[in-house]
Amino acid sequence: MSYPYQIRSMEQYQSEYKKSVEDPEGFWAGIAGNFSWHRKWDKVLDWNFTDPRVKWFSGAQLNITENCLDRHLAERGDQPAIIWEPNDPEEHYRILTYKELHFKVCQFAQVLKNNGARKGDRICIYMPMVPELAIAVLACARIGAIHSVVFGGFSAQSIADRIQDAQCNIVITSDGGQRGNKGIPLKSVIDDALVQCPSVKKVIVLTRTRVPVSMIKGRDTWWEDEIRKVETQGNPVCPAEPMEAEDMLFILYTSGSTGKPKGVVHTCGGYMVYTNYTFVNVFQYQPGDVYFCTADIGWITGHSYIVYGPLSAGATTLLFEGIPTYPDAGRFWDIVDKFKVNILYTAPTAIRSLMGFGPDYVKSKDLSSLKVLGTVGEPINEEAWHWYHENIGKGRCPIVDTWWQTETGGILISNLAGITPHKPAHATLPLPGVQPLLVDEKGEPVPGSDAARDGVWHGGASGEPVAGNLCIKFPFPSIIRTTYGDHERCRQTYFATYPGLYFTGDGALRDAEGNYRITGRVDDVLNVSGHRIGTAEVENAINMHTGVVESAVVGYPHDIKGQGIYAYVIFNGDKSDPVHVRQAIVQTVARIIGAIAKPDKIQLVSGLPKTRSGKIMRRILRKIAEGETGSLGDTSTLLDPGVVDEIKAGRL
Ligand code: WTA
């Protein structure tokens with residue numbers, strides 16, 4: 001497969017960017033022409049950011065799995081589509097060629113149909129990182145069912161919330177999962193969740209760990225038994241359902257600054273075009289390369305850059321079930337060595353953690369196959385960047401620092417590996433089609449921050465970086481379409497803060513060369529080990545504990561996780577054993593949200609700093625958690641300034 005739209009030089013990047021701004025419709029129609037469509041579009045783009053309404057390729061029909069599977073069969077049917085490395089290095093790896101993957105997806109799509117799945121149904125997937133997870137995702141897309149993948153680290157309550165919100169009728173899971181030394185009782189968690197989910201009629205259970213599980217008659221069925229039934233039917237090739245470009249492809253829940261997680265909706269056409277385009281350009285994928293993204297398919301990175309982006313490009317994508325430190329901190333490098341990985345895409349938190357184990361785990365490994373390194377999920381600090389560049393890339397691999405979000409579906413700001421320059425801790429330049437803009441608190445554009453107006457090469461006029469809140473002023477094909485079941489919430493959250501703009505929730509700088517540097521969230525969203533967690537969500541979970549009166553949660557800098565979770569809690573239960581109280585609160589959060597949201601520090605306090613109108617002053621709590629010993633700024637508007645001294649004195 002060749003990629004006529006792969007940018008090969010800096011000059012070409014500039015001219016493509018220019019074209020994408022001057023004629024977005026012509027630009028994206030040109031890219032979209034490289035895919036298989038059942039029917040071409042009537043209109044490339046129809047949009048306003050007020051409703052908001054964004055429609056790409058209206059009138060077109062396609063099925064994304066034909067683009068990810070069928071169209072590769074003739075040319076590269078026998079090439080590996082998925083390489084799978086299990087958690088336990090003693091267990092044998094698996095390779096699925098494009099032919100085999102196509103066959104298995106069709107088979108499982110038929111299983112879904114046999115179990116009553118129809119186009120438009122919502123199907124929840126809660127699985128370990130095994131090839132069957134990718135197969136399940138693609139099988140849903142094949143028949144036009146909307147998948148909602150839930151990360152294995154979420155609790156039964158979180159799953160129930162998500163299943164109820166989307167009214168899923170089928171769940172796909174496995175008996176258990178294994179991450180490092182830890183077993184995860186996936187089916188048992190699903191059983192707990194389903195007590196609250198009458199909409200679910202069928203549960204399909206893959207055998208993975210062989211832990212005993214309860215199988216409820218009429219509801220639960222084994223994956224393997226269902227496959228056998230399809231085999232006795234003679235394995236009909238499940239035809240791909242023709243989908244409208246704007247039909248929903250999937251829902252993925254993510255945390256915001258308020259309330260419960262929202263279901264971000266992506267649609268078929270634009271998402272396919274954009275994830276493919278960015279995969280091919282950012283990583284500079286060449287046919288035959290082995291590409292390894294260490295994310296979990298439960299997050300957007302896994303959706304876009306393990307499954308859809310690489311497969312639609314006919315790439316070989318490596319899927320890893322385990323964790324970077326099992327059986328030891330050399331596991332990633334073993335995998336690179338074993339499969340001669342050419343492109344490695346991981347998260348700063350993993351890099352910092354592995355850096356902490358010292359150079360011995362890297363030394364004896366052959367990493368000479370690596371050509372490109374990537375990071376995603378949070379700002380990468382310069383120290384980690386240099387360690388990655390020198391120790392892993394041996395100083396010869398470009399690092400792509402890719403900034404994007406669940407809501408953007410694909411990478412928006414990043415250098416293109418080896419084509420546009422990298423700069424430590426900078427995501428650098430917008431991809432063609434992406435028009436970033438920084439605004440101040442009042443929503444006024446910051447001079448010199450607008451890539452599309454200034455052209456790509458002119459940044460802050462003074463030569464000093466300019467700062468502001470990062471917005472996007474024009475739609476790109478994979479921008480969020482709605483939040484499931486609540487379009488108003490989508491408008492409020494992303495399009496109302498600065499009318500006419502999509503607001504990302506991130507702060508950023510732009511330097512004189514036009515490079516963007518993401519500085520982190522400016523709203524009440526934490527980024528813990530690259531996972532998004534809303535402070536309000538954690539507070540709600542803490543407040544569920546019977547002894548808790550009130551709580552306030554903020555982030556603080558954490559060497560490995562990037563941010564840690566610091567909770568201030570007013571507790572009126574029995575406080576004679578504070579260690580026990582803290583453990584009970586941690587347990588509560590694990591129950592309500594999941595292990596990923598456990599607070600790192602819990603400080604029991606007698607009051608919280610509030611204004612006279614009752615608003616908690618998080619700015620002060622944040623400063624204390626960060627270890628600020630000097631001035632906390634203006635505290636004169638506080639109802640009871642005395643509480644601040646107490647909290648300061650009791651800091652953990
Ligand atoms: C942060 C993950 C700095 C950012 C793809 C964003 C980053 C949030 C970067 C989205 C990066 C992601 N540099 N910060 N390269 N990439 N972020 O939805 O705060 O899980 O808003 O999507 O992660 O997280 P999400």
Side-chain angles (χ1 to χ4, degrees), residues 149-151 153-154 250-257 261-266 271 274-275 278-279 282-283 293-306 308-309 345-352 373-382 384-385 388 399-415 422-431 434 436 469-472 478-480 483 493-494 497 502-510 515-535 537 555 561-563 596-597:
V149 185
V150 179
F151 174 63
F154 282 112
F250 65 85
I251 307 171
L252 185 59
Y253 286 83
T254 191
S255 296
S257 50
K262 38 191 178 298
V264 172
V265 170
H266 286 289
Y271 177 83
Y274 195 77
T275 52
T278 49
F279 172 75
V282 169
F283 300 105
C293 168
T294 71
D296 192 290
I297 292 178
W299 307 110
I300 191 67
T301 305
H303 282 61
S304 303
Y305 298 111
I306 294 179
Y308 290 114
Y345 189 30
T346 191
T349 189
I351 297 166
R352 287 190 299 263
L373 303 175
T375 82
V376 60
E378 51 180 314
I380 181 163
N381 48 311
E382 296 207 16
W385 193 98
Y388 197 31
I399 297 181
V400 289
D401 179 349
T402 65
W403 172 83
W404 57 297
Q405 313 179 294
T406 304
E407 294 85 344
T408 70
I411 297 165
L412 297 195
I413 303 182
S414 172
N415 49 311
H422 61 203
K423 180 171 179 181
H426 287 69
T428 74
L429 302 172
L431 273 280
V434 176
N469 290 342
L470 177 58
C471 296
I472 311 289
S478 65
I479 192 171
I480 181 173
T483 45
T493 311
Y494 306 106
T497 314
Y502 166 79
F503 176 44
T504 64
D506 281 315
L509 301 170
R510 187 172 191 239
N515 293 308
Y516 290 89
R517 173 180 196 153
I518 313 302
T519 47
R521 302 288 303 197
V522 295
D523 54 7
D524 289 320
V525 171
L526 305 181
N527 195 328
V528 181
S529 299
H531 300 157
R532 264 168 78 169
I533 299 172
T535 52
E537 232 184 301
K561 298 180 180 183
Q563 271 188 310
I596 56 167

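First listed ligand is number 1; within each ligand, the first listed atom is number 1. All values below were derived from every heavy atom in this structure, side-chain atoms included, with hydrogens, water molecules and symmetry-related copies excluded. Just so you know, residue 1 is the first one in the sequence shown, and it goes up from there.
The shortest contact between atom 10 (C) of ligand 1 and any protein heavy atom is with W404 O, 3.6 Å. For atom 13 (N) of ligand 1, the closest non-hydrogen atom on the protein side is E378 O, 3.4 Å. For atom 18 (O) of ligand 1, the closest non-hydrogen atom on the protein side is T406 OG1, 2.5 Å.
At least one N or O atom of G377 sits closer than 3.5 Å to an N or O atom of ligand 1. Checked by distance only, ligand 1 and Q405 come closer than 3.5 Å through their nitrogen or oxygen atoms. For ligand 1, one of its N or O atoms has an N or O atom of R521 under 3.5 Å away. Where the criterion is an N or O separation shorter than 3.5 Å, residue side chain and backbone included, R532 meets it with respect to ligand 1. For E407, no nitrogen or oxygen atom sits less than 3.5 Å from a nitrogen or oxygen atom of ligand 1, counting backbone and side chain alike.
Under 3.5 Å, the side chains of W385 and D401 contain no donor-acceptor pair of N or O atoms.
A side-chain donor-acceptor contact under 3.5 Å links T428 to the backbone of N415.
Heavy-atom separations between G505 and ligand 1 are all 4.0 Å or longer.
Only side-chain heavy atoms of D506 come within less than 4.0 Å of ligand 1; its backbone N, CA, C and O stay farther off.
For Y305 and W404, the ring centers are positioned less than 6.0 Å apart.
The aromatic rings of H303 and F250 are tilted relative to each other, their planes meeting at an angle between 30° and 60°. Classification of the F151-F154 ring pair by plane angle, with boundaries at 30° and 60°, yields perpendicular.
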